[in-house]
Structure formats: C-alpha cells, structure tokens
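Working notes, structure below.
Owing to the predicted nature of the structure, the values given are computational and were not obtained by experimental measurement.
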Amino acid sequence: MIVAIDGPAGSGKGTVTKEIAKRMGLINLDTGATYRCVALASIRNKIGLEEEDKIVSMIDDLKIEFKYDENDFIRVFLNDEEVTNEIRSFEVNKIVSPISSIIPVRLKMVDLQRKMAEGKDVIMEGRDIGTYVFPNADVKIYLDADIEERAKRRFKENKEKGLDVTFEKVLENIKKRDENDKKKKIGALKVAEDAVIVDSTKLTISEMADEVEKIILEKTGEK
C-alpha cells in the first residue's frame, strides 16, 4: 500500500506523516530528505546552483539511508554520517527547491524513491508524490495551510533548533519556495485530481493526524 501526502512547505505534512507511520505501522520514506541530502552535499562540495552537471554527477556517489532509532524516530544518513538536523538548516532550505527543479536530478531521485518503496507498505510526503512519483498511490492527501501559519511553524522550528533567522526571512523564503515549486517543469506542486484536501491552518498535530488516519481508513475500506 502506498499513501501519498503532498503539500507546500510548513503545511505539517512531515510531522503528520511520521505520526501516521507510527499509528498504522507504515514505513515512512521522506522523499524531501533525499533532496535535502543532495543540497547538503552540494554545499559541502562547494558546488553552485549554476553547476548543474556537477550536481547531477555527484548524486551517483551519494549513499542515502533512513534508519529508525530506539524511539522509532527516523534518522537520515548521508554517506554513513547522520545528517538528520543538518539537512534542515536555513542554508539547505534556501537551495533545496532550486536543486529539486533540475530535471536530471529529479529523474534520478524519483527512480531512487520508487526503488525504496518496492514491496513495502509506505507513506511518503513531498510536493509531487501523488501526481508524479506515485500517480497510482492507494491514498492521496493534499495537506495545506495559510502561508502566515506555515511561516509561523517554520519560524518556531528554527527557534527550537537555535537558528537565528527572523520571521520575515522565513516568510520570504516560503513565498519564494511556493512560487518555485509551482513552476517546476517536472513534479510541480499541485493537487492531484483524486486527492483529498485537508486544511491544517487551525488544526493541532493530533487533529491533523486524526483526520489523515480517518481518510486512509475510508479509502482502504477499513472503516
């Protein structure tokens, strides 16, 4: 079974996906984290966004893995080094969307994501899971929220991580990211025709998870 959760940055899809994976025993494959690993590797190797050929060729040397720790929390590893927190840095946030817009990068990463999901009951979140990566997913949900609320959530996350970034910069970054994600030639951010839309603006994490779980059970006939 494949459950696809799509939506813009800060909509809560990452948090909800983790919660649903725990509740329903699904494997959480964080596709966004794979692109973040590519972005982090580009920064470390001092490869600029304009050097697309170098970014694409670098991917072949990357080893990306997801491992559950003793608390069932997913840890992200890049070339055997844990980068769970580092891939969420402001520096990575600034370039991950442009990098994921590079078509050869997109094609390579989608192929990787599909292989990771083979033969498993998975839940995946991103921008184009239900429209491009897995257009035949059993359940498709589009999680959305007001842009101001999404910026508040990201700002709070940055504060908790000790990142000194103003709310205005976070809001500006999300606006740019939304615009870039919607204009991608492949895998643009949009609502799949058969997706159920959930507005998370006024919902708590628990309420979001309850709503998503209800939709999954209804779609899979397990009411």
Side-chain angles (χ1 to χ4, degrees), residues 5-21 28 30-44 46-50 55 71 73-76 78 82-102 105 123-129 141-184 187-191 195 197-212:
I5 309 286
D6 288 316
S11 60
K13 61 187 183 299
T15 303
V16 166
T17 296
K18 292 173 185 175
E19 176 61 24
I20 294 298
N28 177 13
D30 187 348
T31 59
T34 63
Y35 288 106
R36 288 177 175 276
C37 284
V38 175
L40 178 59
S42 298
I43 293 172
R44 289 181 169 182
K46 298 181 180 179
I47 301 175
L49 290 174
E50 72 283 355
I55 295 174
N71 297 313
F73 182 80
I74 292 180
R75 300 290 178 179
V76 183
L78 174 61
E82 186 183 349
V83 293
T84 308
N85 293 326
E86 197 168 355
I87 61 171
R88 301 291 172 180
S89 69
F90 187 71
E91 289 72 24
V92 169
N93 285 344
K94 287 193 297 184
I95 68 169
V96 65
S97 186
I99 280 182
S100 67
S101 297
I102 301 171
V105 169
I123 182 167
M124 306 175 78
E125 57 95 355
R127 307 288 185 274
D128 61 348
I129 307 303
I141 295 170
Y142 189 90
L143 196 62
D144 205 354
D146 177 83
I147 193 167
E148 291 281 342
E149 175 61 27
R150 292 191 280 124
K152 288 177 183 177
R153 293 172 183 173
R154 275 296 159 86
F155 179 69
K156 182 180 178 181
E157 288 176 8
N158 289 337
K159 281 291 186 181
E160 291 173 349
K161 294 175 182 176
L163 301 176
D164 186 19
V165 183
T166 65
F167 173 78
E168 288 72 23
K169 282 189 176 182
V170 172
L171 179 60
E172 180 185 1
N173 185 54
I174 285 184
K175 286 180 179 178
K176 288 181 178 178
R177 189 163 182 183
D178 282 355
E179 183 179 355
N180 186 68
D181 286 344
K182 291 176 181 177
K183 292 181 179 179
K184 287 176 180 176
L189 172 65
K190 60 182 179 181
V191 184
I197 300 175
V198 176
D199 186 345
S200 71
T201 303
K202 297 180 180 180
L203 300 180
T204 64
I205 294 173
S206 180
E207 289 171 338
M208 283 187 232
D210 288 344
E211 184 64 23
V212 170

Exercise. Give the intermediate values and the outcome of side-chain hydrogen bond (donor to acceptor under 3.5 Å, both in side chains) for residues K176 and S97.
Key: CA-CA 9 Å; K176 288 181 178 178; S97 186; over 6 Å; no
Quiz item: Just wondering, do L189 and Y142 contact through their side chains at under 4.5 Å, heavy atoms?
Solution: yes
Quiz item: Is there side-chain contact between K94 and N173, with heavy atoms separated by less than 4.5 Å?
Solution: yes
Self-check item: Side-chain heavy-atom pair S200, E207 within 4.5 angstrom cut-off
Solution: no
Self-check item: Nearest-0.5 Å distance, CG of residue N93 to CZ of residue R177
Solution: 6.0 Å
Exercise. Using modelled atom types only, decide if a donor and an acceptor are shared between the side chain of R154 and the backbone of V170 within a distance under 3.5 Å.
Key: no
Quiz item: What's the shortest heavy-atom distance between A21 and I123, and which atoms?
Solution: CB-CG2, 4.0 Å
Practice problem: Mind running side chain to side chain contact (heavy atoms under 4.5 Å, CB included) on R88 and L163 for me, showing each step along the way? | Solution: CA-CA 10 Å; R88 301 291 172 180; L163 301 176; over 6 Å; no
Quiz item: Does the side chain of K159 reach to within under 4.5 Å of the side chain of F167, using non-hydrogen atoms?
Solution: no
Exercise. Over all heavy atoms of both residues, which pair between L78 and C37 is shortest? Give the atoms and the distance, please.
Key: CD2-O, 3.8 Å
Quiz item: Do R44 and V83 come within less than 4.5 Å of each other through their side chains, counting heavy atoms only?
Solution: yes
Practice problem: Nearest 0.5 Å please: distance from the CG atom of L171 over to the OG1 atom of T166. | Solution: 9.5 Å
Quiz item: For E179, which of K183, K182, K175 qualifies under side chain to side chain donor-acceptor pair (under 3.5 Å)?
Solution: K183
Self-check item: Closest non-hydrogen atom pair between I55 and G48, with its separation
Solution: CD1-O, 3.8 Å
Quiz item: Hey, what do you get for CZ (R127) to OG1 (T31), rounding to the nearest 0.5 Å?
Solution: 8.5 Å
Practice problem: Would you indicate whether the side-chain heavy atoms of V198 and L203 approach each other to under 4.5 Å? | Solution: yes
Quiz item: For the residue pair V92 and A39, what are the closest heavy atoms and their distance?
Solution: CG1-CB, 4.0 Å
Self-check item: Minimum heavy-atom distance between F90 and V165, given as atom pair plus value
Solution: CE1-CG1, 3.7 Å
Self-check item: Heavy-atom closest contact (V38 atom, I99 atom, distance)
Solution: CG1-CG2, 3.8 Å
Quiz item: Rounded to the nearest 0.5 Å, what separation is found between the CD atom of E149 and the CD1 atom of I174?
Solution: 10.0 Å
Quiz prompt | Any V76 side-chain heavy atom under 4.5 Å of R36 side chain | solution = no
Quiz item: Which residue, L40, D30, V96, T34, forms the side-chain contact (heavy atoms from CB on, under 4.5 Å) with I87?
Solution: L40
Quiz item: From E86 CD over to I43 CD1, what is the distance, rounded to the nearest 0.5 angstrom?
Solution: 8.5 Å
Quiz item: Got a salt bridge between E157 and R153, using NZ or NE/NH1/NH2 to carboxylate O under 4.0 Å?
Solution: no
Quiz item: Can you tell me if CG on L49 sees more than 12 non-hydrogen neighbours from other groups inside 6.0 Å?
Solution: yes
Self-check item: CG-CD1 distance between N28 and I20, expressed to the nearest 0.5 angstrom
Solution: 10.5 Å
Please list, one pair per line, the donor and acceptor atoms closer than 3.5 Å that link side chains of residues 6-19 to other protein atoms, with sequence neighbours excluded.
unit_1, atom_1, unit_2, atom_2, d
D6, OD1, D128, N, 3.2
D6, OD1, I129, N, 2.8
D6, OD2, I129, N, 3.4
D6, OD2, G130, N, 2.8
S11, OG, P8, O, 2.9
S11, OG, L143, O, 3.3
K13, NZ, G7, O, 3.1
K13, NZ, P8, O, 3.1
T17, OG1, K13, O, 2.6
E19, OE2, R23, NE, 2.9

